[in-house]
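Shown next, in structure tokens, is the structure this report addresses.
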Amino acid sequence: MHMWAVSVEVRVALLLLLLTSSNVRAPPPPPSEPGEEAPAGGRGGRHRRRAFPGPYFHPSTPVNVTTQLGAHAYLPCRIKNLGNKSVSWIRNRDSHILTVDRYTFISDERFMAWHEAQTQTWTLQVRYVQERDAGKYECQVSTEPKMSHFVELSVITPTVSISGKSDIYVKSGSTVNIQCVITDALEEPTYIFWYHGNRRVVGTNGDYKLTVHREPPDTSIGTLTIPSVSMADSGNYTCAPASLQMASVMLHVVIGEHPQAMHGTNSAAASTTGSAASASSSSKSSSKSSSSSSSSSSPAAHSPGRHAVLGVPLVALILLAAT
């Protein structure tokens, strides 16, 4: 009996050991990405765990990013299966390390990086982009050997101009429309400031009206309207869009009719006001008429004209007497 009891205990121990060993399972595999195959099952409920794949760049990661001068640029780098590896952004033109994970390693505060866990994306932000920021940027993963993905940043510089000529001539009391045209603009500027000389023009009163509208695909137009213009409105006007170059025009207000330059014009837009050439010709015409009037006021200059006029009837009388 004693030997049988011992053998039962041994058999129970062996059974428990067998049950325990049969409950041992391999660690569950990592969650699979959409479209990835789940590990296949094996006999006895055991699963063969696939080797954990290393990091790789997602095919949707862009290789070209285009932004506008003065705007913000966002360079994404989507990395799958990153694990415990670090991600760095490097500027290619000078090999300067900009960021490592969430830490910034450049004194230029326009650069920073952040991680979007849901999309597994590391994004480099460049604020208030300058022309010199154009070029290649490297997204680098700290594997051995290093993995790199390059993104080309292109910077578009919009063109700013005043519609029409550099000099505008208008009649006192007319309505003036000065247009600031911004072309090749990927987005509308956040603001357009206007200046009359060194003084900023505001549209809070009835003296000025400021409007901005968009003309697809890449043009923005800011308009400064001055109703019933007066001599005090003469001078230089400048439009200054946000983070872009400025453009200026000279406004000339004329009292009364101005020869040629005022012919058929009553507003100061490119299509309604005179040009610099007409202004020049009108100035020459004005100077000629003034010189003619001054010479006619001189008796010496006026005398030959009188003799020429009186000579006609004298000749007629002589002919009549001869007949």
Side-chain angles (χ1 to χ4, degrees), residues 27-40 47-159 184-190 216-218 242-244:
S32 60
E33 291 288 327
E36 291 185 0
E37 297 181 358
H47 296 272
R48 178 178 296 176
R49 185 182 180 187
R50 291 193 309 177
F52 185 75
Y56 67 94
F57 297 106
H58 196 276
S60 65
T61 303
V63 295
N64 292 289
V65 172
T66 302
T67 191
Q68 179 177 305
L69 180 71
H72 299 345
Y74 302 92
L75 283 61
C77 183
R78 191 176 180 188
I79 309 167
K80 294 292 187 180
N81 303 329
L82 181 62
N84 61 352
K85 303 301 181 182
S86 295
V87 178
S88 304
W89 276 102
I90 302 170
R91 187 168 56 196
N92 200 53
R93 65 178 170 86
D94 57 3
S95 300
H96 199 302
I97 298 176
L98 304 175
T99 64
V100 177
D101 294 337
R102 292 183 178 87
Y103 299 95
T104 303
F105 287 85
I106 187 172
S107 58
D108 192 338
E109 297 180 352
R110 298 180 303 122
F111 293 89
M112 66 172 294
W114 71 85
H115 181 227
E116 298 173 2
Q118 186 175 2
T119 60
Q120 303 180 47
T121 303
W122 286 92
T123 301
L124 175 68
Q125 181 189 44
V126 186
R127 302 169 65 234
Y128 306 109
V129 170
Q130 303 172 9
E131 290 182 342
R132 61 187 178 90
D133 294 325
K136 283 188 177 181
Y137 292 80
E138 178 183 355
C139 174
Q140 187 182 95
V141 181
S142 63
T143 54
E144 287 298 336
K146 299 289 191 297
M147 294 172 50
S148 296
H149 175 80
F150 293 90
V151 180
E152 181 81 22
L153 176 62
S154 300
V155 180
I156 294 180
T157 303
T159 301
D184 299 326
L186 299 179
E187 57 189 63
E188 186 174 308
T190 54
D218 59 0
S243 304
L244 298 178

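This chain uses plain numbering: 1 for the first residue, then up along the sequence.
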Notebook entry, point to check: Taking atom CD of Glu152 and atom CG of Asn64, what is their separation to the nearest 0.5 Å?
Noted result: 6.5 Å
Item checked: Expected output: side-chain Thr66 to main-chain Ser154 donor-acceptor under 3.5 Å -> no
Check: Once you round to the nearest 0.5 Å, how far does OG1 of Thr119 lie from NZ of Lys80?
Finding: 8.0 Å
Note to self: How close do Thr123 and Pro76 get, counting heavy atoms only, and between which atoms?
What the structure shows: OG1-CA, 4.0 Å
Next item on the list: Enter the distance from Leu124:CG to Thr104:OG1 here, rounded to the nearest 0.5 Å.
Entry: 9.0 Å
Next item on the list: For Ile106 and Arg91, work out which heavy atoms get closest and say how close.
Entry: CD1-NH2, 4.0 Å
Next item on the list: Provide the closest heavy-atom pair for His58 versus Ser60 in the form atom of the first, atom of the second, distance.
Entry: ND1-OG, 2.8 Å
Notebook entry, point to check: How would you list, by chain and number, every residue that makes a side-chain hydrogen bond (donor to acceptor under 3.5 Å, both in side chains) with Arg110, sequence neighbours excluded?
Noted result: Asp108, Asp133
Notebook entry, point to check: How about Ile79 and Phe57: do any of their side-chain heavy atoms sit closer than 4.5 Å?
Noted result: yes
Checklist line | Residue pairs passing the ring-ring contact (aromatic ring centres under 6.0 Å, His included) test where at least one lies in residues 62-91, sequence neighbours excluded | finding: His72-Tyr128
Next item on the list: Decide yes or no for Leu82 and Gln120: does some side-chain heavy atom of the first lie under 4.5 Å from some side-chain heavy atom of the second?
Entry: no
Next item on the list: Kindly give the heavy-atom pair with the smallest separation between Pro158 and Leu69, and that separation in Å.
Entry: CD-CB, 4.2 Å
Next item on the list: Taking the side chain as every heavy atom from C-beta outward, state whether Thr67 and Leu153 have any pair of such atoms under 4.5 Å apart.
Entry: yes
Next item on the list: Step by step, work out the side chain to side chain contact (heavy atoms under 4.5 Å, CB included) result for Leu98 and Phe105.
Entry: CA-CA 5 Å; Leu98 304 175; Phe105 287 85; over 6 Å; no
Check: Nearest 0.5 Å, what's the CG-NZ distance between Leu75 and Lys136?
Finding: 13.0 Å
Notebook entry, point to check: Hey, is OH on Tyr103 packed in by over 12 heavy atoms from elsewhere, all under 6.0 Å?
Noted result: no
Checklist line | His149 (side chain) donor-acceptor with Pro62 (main chain) under 3.5 angstrom | finding: yes
Next item on the list: Determine the minimum heavy-atom distance between Cys139 and Val87, stating which atoms define it.
Entry: SG-CG1, 3.9 Å
Notebook entry, point to check: Who pairs with Asp101 by side-chain hydrogen bond (donor to acceptor under 3.5 Å, both in side chains), at least two apart in sequence or on another chain?
Noted result: Ser86
Checklist line | Rounded distance [0.5 Å steps], CD1 in Ile90 versus NZ in Lys146 | finding: 9.0 Å
Margin query: Taking CD in Gln118 as the centre, count heavy atoms belonging to other residues, nucleotides or ligands within less than 6.0 Å. Is the count above 12?
Written below: no
Checklist line | Pairwise distance CZ(Arg102) to CH2(Trp122) - rounded to 0.5 angstrom | finding: 4.5 Å
Next item on the list: Keeping the roles fixed (side chain from Gln68, backbone from Leu186), state whether a donor-acceptor pair exists under 3.5 Å.
Entry: yes
Check: So, for Arg78 and Thr121, which heavy atoms are closest and what is the spacing to 0.1 Å?
Finding: CG-OG1, 3.6 Å
